[in-house]
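No hydrogens, no waters, no symmetry mates; every other heavy atom, side chains included, goes into these values.
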Amino acid sequence: MFFRRRARMLRWLVCGRLGPVWIWKALLLFLAIAFAGQLLGVIFNKSTVQPAARSIFSSPDAQGPSLGSCQPHTHVMFLKTHKTASSTVLNMLYRFGDEHNLRFALPLGYQLGYPLPFNAHRVKGYRGPRAIEFHIMGNHMRFNKSEVEKVMPADTFYFSIVRDPVALAESSFAYYKEVAPAFRKAKGLGEFVDDPKRFYEPRLRNNHYARNLLWFDFGLDHNANFSLALAQLGEDMIRRTFNMILVSEYFDQSMILLRHALCWPLDAVVAFSLNARQQKPSSTGGVGESWVGKAAAAAGVGIRGGHVQAKLPPNLSLTEEQREKLRQWNAFDWYLYKAFNKSFWKEIDKFGRTQMENEVNLLRMRREDLARVCLRDGGKPVEAHQIRDKNIRPFQSGLVKILGYELQSGLDNVTRKLCVRMIRPEIQYKDVLDSKQFPQAHAIQAQQQRLIVAVGGTFLKQDPPWKGKKEMGGEVGVGGRTLEEGMKDWDSSLLNRNNQTMVREHEKRRLR
């Protein structure tokens with residue numbers, strides 16, 4: 001009896017004071033399910049969920065073999081010679097400087113006054129010898145040592161690149177066929193080589209592309225009569241100024257030597273070939289047809305019966321006898337190439353051929369890995385009209401197609417940014433660096449455009465600043481005048497005023 005009373009009292013307390021029994025049962029069941037779910041979640045996370053993958057650019061392979069205790073060079077001057085894979089080298093410099101926030105000696109346009117001898121006032125923001133620290137200089141110029149030294153620090157590392165003049169002439173003829181009067185008159189490279197003096201007039205602007213182009217880019221007289229003494233004098237001048245001369249035909253070996261000289265990580269010298277021309281014409285259809293039509297209209301090529309009457313790529317075929325004639329016509333370039341190719345291999349012997357082979361293999365594997373991650377179809381170059389993003393679409397000029405790359409889809413933001421840097425053409429990359437280095441000037445330009453629209457003016461969409469301005473023939477607006485006539489423009493007063501305006505805007509912004 002006593003126990004029955006106690007049980008009734010307990011039920012009364014539980015049901016009356018603490019709520020119905022079913023609530024307690026439900027609560028216990030909820031706690032059990034929650035505990036089981038948490039336990040299963042821990043097990044699931046440990047077994048199936050992986051941490052976020054790191055970007056390929058942050059892997060240990062990005063550094064490459066150890067370089068010891070050296071310090072990276074950050075004052076670098078690259079003489080960007082023509083048709084020597086120099087655009088690929090410039091991209092490498094752009095990337096390194098961009099990543100490390102270095103200051104570039106950028107041109108006011110897209111080249112540093114070429115083909116006139118370089119003048120320091122052609123550098124955007126320049127305001128006197130060594131007034132501003134510039135780290136990297138690499139856009140096209142005709143070398144002029146005394147003017148370059150006004151811009152670059154005393155400890156600057158100077159380097160350039162050369163190429164077999166036969167291969168260089170083939171590329172130059174294809175690229176500058178419509179620019180150089182000497183090339184324009186010839187039906188093919190072979191016809192030009194058979195009798196170059198028939199086509200070549202030294203005084204005509206842009207004919208420097210047709211003879212001793214390397215010698216010209218180094219600032220020397222490409223029309224001088226060849227003599228061994230003069231060639232040796234030019235070689236000595238180059239060797240006294242330049243710390244290293246690379247060889248285009250041995251590009252990967254060149255990058256390894258350069259990496260060790262500059263004390264840069266491996267990824268800094270891993271590059272995809274840029275500004276390469278299509279070797280064989282390809283048929284285009286669909287989207288390509290409309291692109292060809294637009295390109296033909298822009299170039300003034302006729303369209304008849306709905307078909308583009310485009311000019312065929314130039315004939316570059318040469319006999320062995322013609323190749324030898326080409327070396328004689330470009331005798332100064334041929335001398336330079338032989339001299340620097342010889343010293344290049346001496347440097348490799350000093351470096352160690354076995355070590356060079358090992359490091360070249362690492363560089364090539366790294367390039368393949370990056371191509372697999374960054375580029376569609378494993379890095380196969382494509383025609384410009386197939387590239388959807390205009391920011392990585394190469395500029396087209398001349399009678400040959402310049403190839404580029406299509407970016408891989410689905411990349412994370414960090415990887416995509418770094419991949420884009422590797423394939424961004426030099427004209428677009430120069431614009432990116434320009435806006436980064438001179439944000440105020442670009443902001444003012446954008447504000448002026450918005451103001452025109454705001455006050456009811458008609459704002460016509462402008463072509464990109466680089467369209468039609470790839471200064472294959474030198475600075476825009478000089479046309480087909482002779483070099484002497486072009487030299488009359490060499491009054492830097494306007495350039496001084498432009499630079500002083502930029503300097504004042506920079507100082508006002510700094511003092512705010």
Side-chain angles (χ1 to χ4, degrees), residues 77-84 86 111-120 122 139-150 158-166 168-169 171-173 175-176 179-183 192-193 195-242 245 325-341 343 471-475 478 480-490 492:
M77 190 278 163
F78 172 55
L79 178 62
K80 189 178 187 293
T81 50
H82 285 78
K83 317 317 299 172
T84 56
S86 60
Q111 301 189 19
L112 291 163
Y114 193 87
L116 299 176
F118 172 70
N119 183 290
R122 288 284 177 178
N139 294 86
H140 276 309
M141 68 159 67
R142 190 177 184 198
F143 190 68
N144 185 354
K145 181 181 178 182
S146 60
E147 290 293 309
V148 170
E149 288 177 339
K150 292 179 182 178
Y158 288 76
F159 77 102
S160 189
I161 186 168
V162 297
R163 185 183 185 185
D164 181 344
V166 174
L168 189 152
S171 182
S172 183
F173 188 88
Y175 200 76
Y176 302 116
V179 174
F183 288 159
F192 172 80
V193 172
D195 189 7
K197 292 183 179 179
R198 170 186 161 201
F199 302 99
Y200 185 78
E201 168 54 54
R203 292 180 71 255
L204 285 182
R205 187 179 180 84
N206 296 331
N207 264 351
H208 65 280
Y209 290 116
R211 189 176 196 188
N212 290 313
L213 184 52
L214 286 174
W215 193 262
F216 181 88
D217 286 350
F218 276 105
L220 304 168
D221 182 4
H222 65 302
N223 285 317
N225 292 324
F226 180 83
S227 72
L228 184 59
L230 185 57
Q232 290 173 338
L233 190 65
E235 178 195 353
D236 290 342
M237 182 279 292
I238 294 170
R239 290 192 187 278
R240 286 196 304 270
T241 303
F242 289 84
I245 301 294
K325 285 182 179 179
L326 200 51
R327 295 186 184 101
Q328 293 174 11
W329 175 248
N330 295 284
F332 284 114
D333 279 9
W334 180 232
Y335 176 89
L336 286 184
Y337 179 75
K338 290 189 296 181
F340 288 117
N341 183 58
S343 57
E471 299 156 68
M472 297 194 326
E475 295 295 331
V478 184
R481 293 178 292 168
T482 64
L483 286 172
E484 287 81 358
E485 290 169 332
M487 287 297 286
K488 292 177 182 177
D489 296 335
W490 202 242
S492 61

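- Side-chain contact between His140 and Ser86: present, with at least one pair of heavy atoms (C-beta onward) separated by less than 4.5 Å.
- You'll find the side chain of Leu79 stays beyond 4.5 Å of the side chain of Phe159, heavy atoms only.
- For Asn330 (side chain) and Leu326 (main-chain N/O), a donor-acceptor pair under 3.5 Å exists by modelled atom type.
- Here the closest non-hydrogen pair linking Leu228 and Tyr335 is CD1-CE1, 3.7 Å.
- The two residues Pro115 and Arg205 make their nearest non-hydrogen contact at CD-NH2, 3.3 Å.
- A donor-acceptor contact shorter than 3.5 Å links the side chain of Asp333 to the backbone of Leu213.
- Checking side-chain atoms of Arg327 against main-chain N and O of Pro165 turns up no donor-acceptor pair under 3.5 Å.
- With sequence neighbours left out, the side-chain hydrogen bond (donor to acceptor under 3.5 Å, both in side chains) criterion links Asn139 to Tyr94.
- Between the side chains of His208 and Tyr114, at least one donor N or O sits under 3.5 Å from an acceptor N or O.
- Taking every heavy atom of both residues into account, Ala231 and Phe226 meet most closely at CB-CE1, 3.7 Å.
- Within the cation-pi definition used here (under 6.0 Å to the ring centroid, within 45° of the axis), Arg142 qualifies as a partner of Phe216.
- Among residues two or more places apart in sequence or in another chain, the side chain to side chain contact (heavy atoms under 4.5 Å, CB included) test is passed with Pro181 by Arg184, Leu204, Asn206, Asn207.
- At least one donor-acceptor pair under 3.5 Å links the side chain of Asp217 to the backbone N or O of His82.
- No side-chain heavy atom of Lys325 sits under 4.5 Å from any side-chain heavy atom of Phe192.
- Aromatic rings of Phe218 and Phe143 (six-membered ring for Trp) have centroids beyond the 6.0 Å cut-off, not under it.
- Between the side chain of Asn212 and the backbone N or O of Phe332 there is at least one donor-acceptor pair closer than 3.5 Å.
- Looking at Thr81, its side chain does come within 3.5 Å of a backbone N or O of Ile161 through a donor-acceptor pair.
- Closest heavy-atom contact between Asn225 and Leu230: O-CD2, 4.0 Å.
- The distance from the CZ atom of Arg240 to the CD atom of Glu235 is 10.5 Å, given to the nearest 0.5 Å.
- Under the 3.5 Å distance criterion, the side-chain polar atoms of Ser343 are matched with a main-chain donor or acceptor of Phe340.
- Residues meeting the side chain to side chain contact (heavy atoms under 4.5 Å, CB included) test with Arg198, sequence neighbours left out: Glu191, Asp195.
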